[in-house]
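Letters A, B, ... are given to chains in the order of the sequence lines, protein chains preceding strands, and every chain is numbered from 1. Values below: all heavy atoms of this structure, side chains included; hydrogens, waters and symmetry mates excluded. Bear in mind the structure is a predicted one, so any value in this text is a computation, not a measurement.
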There are 2 protein chains.
Amino acid sequence: MSISSRFTVGIHILVLIELNKKGISSSEFLAGSVNTNPTLIRKIMGMLKKAGLIEVQPGIAGAKLAKEPFFITLLDVYKAVDVVKEKELFSVHENPHPDCLVGRNIQDSITPVLSAAQLALEKVLGNVTIKDIVKDIVEKEKCKIKIN
Amino acid sequence: MSISSRFTVGIHILVLIELNKKGISSSEFLAGSVNTNPTLIRKIMGMLKKAGLIEVQPGIAGAKLAKEPFFITLLDVYKAVDVVKEKELFSVHENPHPDCLVGRNIQDSITPVLSAAQLALEKVLGNVTIKDIVKDIVEKEKCKIKIN
DNA sequence: AATCATGTATTTAATTTGAATACAACGTAT
DNA sequence: ATACGTTGTATTCAAATTAAATACATGATT
């Protein structure tokens with residue numbers, strides 16, 4: 001089991017739009033870098049747009065960030081692309097037997113822990129911004145040039 | 001997308017074995033409380049056994065905890081039932097384009113964040129034990145009796 | 001020997017994912 | 001205004017995962 005790559009593709013899209021801000025980031029251009037098909041990109045772009053992270057217009061080529069990259073966290077992306085529903089990262093077995101002490105209490109008992117775990121994960125994502133990733137990528141690239 | 005219920009069922013199994021320690025916890029008995037079929041229970045029991053959390057013997061009815069419940073964390077269960085592979089909670093899109101600045105750096109750039117997020121989640125699970133859940137369930141039941 | 005439990009393999013249906021195709025709606029350029 | 005390229009959206013397809021279900025070999029007890 002794994003969280004859909006829509007999330008990491010979403011990050012990829014936003015970072016590339018920022019680094020290509022002087023160019024035109026069409027769905028085909030983005031798809032080339034991600035190495036997938038433009039339909040998937042457009043689908044994800046639609047989600048990012050709906051969440052207010054990018055601006056796109058039908059018929060006009062190219063997407064732009066709707067906010068400064070410093071104000072877009074990975075958590076924003078995570079929620080935008082809807083990979084994990086609220087409090088449903090962990091699935092709980094349905095209909096445990098109510099005649100059993102454990103069966104009738106287990107869900108209420110573990111749900112808070114599971115929610116806390118999920119929140120801890122989300123908090124980490126909330127502390128990293130698109131700007132951080134952009135900077136890191138530029139930095140990594142500098143190192144590569146030095147080496148070569 | 002959701003993490004397999006094997007995890008929460010695993011917790012259910014361990015808690016029930018503990019609370020039924022004076023009785024015999026056969027796979028059929030456990031299946032009754034979880035409200036699923038005994039095969040799934042045995043499959044999960046096999047994983048818990050392999051991880052050294054319970055003791056079961058072929059042909060002999062009933063499972064016992066292999067450790068005191070205080071020494072079994074939810075993280076132990078989580079790892080035992082193998083719901084999420086190491087560092088693979090998030091899936092990353094394969095083969096981004098190496099000719100693109102973003103494409104050739106994005107994976108190395110976001111992997112540490114994703115790992116940190118996953119570790120934060122696991123840390124929360126590591127801080128809760130089966131004993132905690134057992135105590136909580138007993139407590140909840142007391143309240144219910146008071147109310148009724 | 002008969003019975004019951006565990007352990008394991010296999011099949012099935014349901015769900016999700018990503019890839020792919022098709023096409024309507026929209027804007028721009030000629 | 002016509003043609004072309006782009007976005008937006010619906011639909012189909014194959015692959016993977018999950019849980020349910022069945023079957024049966026292995027082991028232990030009576």
Do any N or O atoms from the side chain of [X] and from the backbone of [Y] form a donor-acceptor pair under 3.5 angstrom?
X        : Y        : answer
B/Asn35  : A/His97  : no
A/Thr8   : B/Ser91  : yes
A/Ser109 : A/Asn105 : no
B/Asn20  : B/Ile17  : no
A/Gln107 : A/His93  : yes

Would you kindly give the [atom1]-to-[atom2] distance between [X] and [N], to the nearest whole Å?
X       : N      : atom1 : atom2 : result
A/His12 : C/dG18 : NE2   : P     : 15 Å
A/Ile3  : D/dT18 : CD1   : C1'   : 17 Å
B/Asn37 : C/dT11 : CG    : C1'   : 13 Å
A/Asn95 : D/dA19 : CG    : C1'   : 14 Å
B/Leu40 : C/dA14 : CG    : P     : 18 Å
A/Arg6  : C/dG18 : CZ    : P     : 6 Å
B/Leu30 : C/dT6  : CG    : C1'   : 12 Å
B/Glu94 : C/dA19 : CD    : P     : 10 Å

Please state whether the rings of B/Phe90 and A/Phe7 are parallel, tilted or perpendicular, taking 30° and 60° as the class boundaries.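 Ring orientation, 0 to 90° scale: tilted.
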
Minimum-distance nucleotide (side-chain atoms of A/Met45 versus D/dT18, D/dT7, D/dA20):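 Nearest nucleotide to the side chain: D/dT7.
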
Would you indicate which nucleotide in D/dT7, C/dA20, D/dT18 comes nearest to any side-chain atom of A/Arg42?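 When the side chain of A/Arg42 is considered, D/dT7 is the closest of D/dT7, C/dA20, D/dT18.
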
For a quick test of reading the model: is some side-chain N or O of [X] closer than 4.0 Å to OP1 or OP2 of [N]?
X       : N      : answer
A/Ser4  : C/dG18 : yes
A/Thr39 : C/dA19 : no
A/His93 : D/dT18 : no
B/Ser5  : D/dA19 : yes

Heavy-atom count check: over 12 atoms from other residues, nucleotides or ligands less than 6.0 Å from B/Lys140 NZ?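 Count over threshold, so yes.
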
Measuring from atom CG of A/Leu125 to atom NZ of A/Lys79, what distance do you get when rounded to the nearest 0.5 angstrom?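 Going from CG on A/Leu125 over to NZ on A/Lys79, the span is 10.0 Å.
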
Find which nucleotide of DNA chain C each of B/Lys43 and A/Asn35 is nearest to by heavy atoms, and output the residue with the more 5' nucleotide.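 Taking each residue's closest nucleotide, the earlier one in sequence belongs to B/Lys43.
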
Going by number, which of residues 47-66 of chain A have a non-hydrogen atom under 4.0 Å from DNA chain C?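 Listed by number, they are A/Pro58, A/Gly59, A/Ile60.
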
Would you mind writing out the side-chain donor-acceptor pairs for residues 44-73 of chain B within the sub-3.5 Å range, not counting sequence neighbours?
unit_1  : atom_1 : unit_2  : atom_2 : d
B/Lys49 : NZ     : B/Val56 : O      : 3.0
B/Lys64 : NZ     : B/Lys21 : O      : 3.0
B/Thr73 : OG1    : B/Leu75 : N      : 3.3
B/Thr73 : OG1    : B/Asp76 : N      : 3.1
B/Thr73 : OG1    : B/Asp76 : OD2    : 3.2

What residues from residues 14-29 of chain B pass a heavy-atom cutoff of under 4.0 Å to DNA chain D?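 Nucleic-acid contacts, sorted: none.
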
Pair A/Glu18, A/Lys131 - check salt bridge (charged side-chain N to carboxylate O under 4.0 Å, His left out), show working. CA-CA 9 Å; A/Glu18 172 63 15; A/Lys131 185 178 181 184; over 6 Å; no

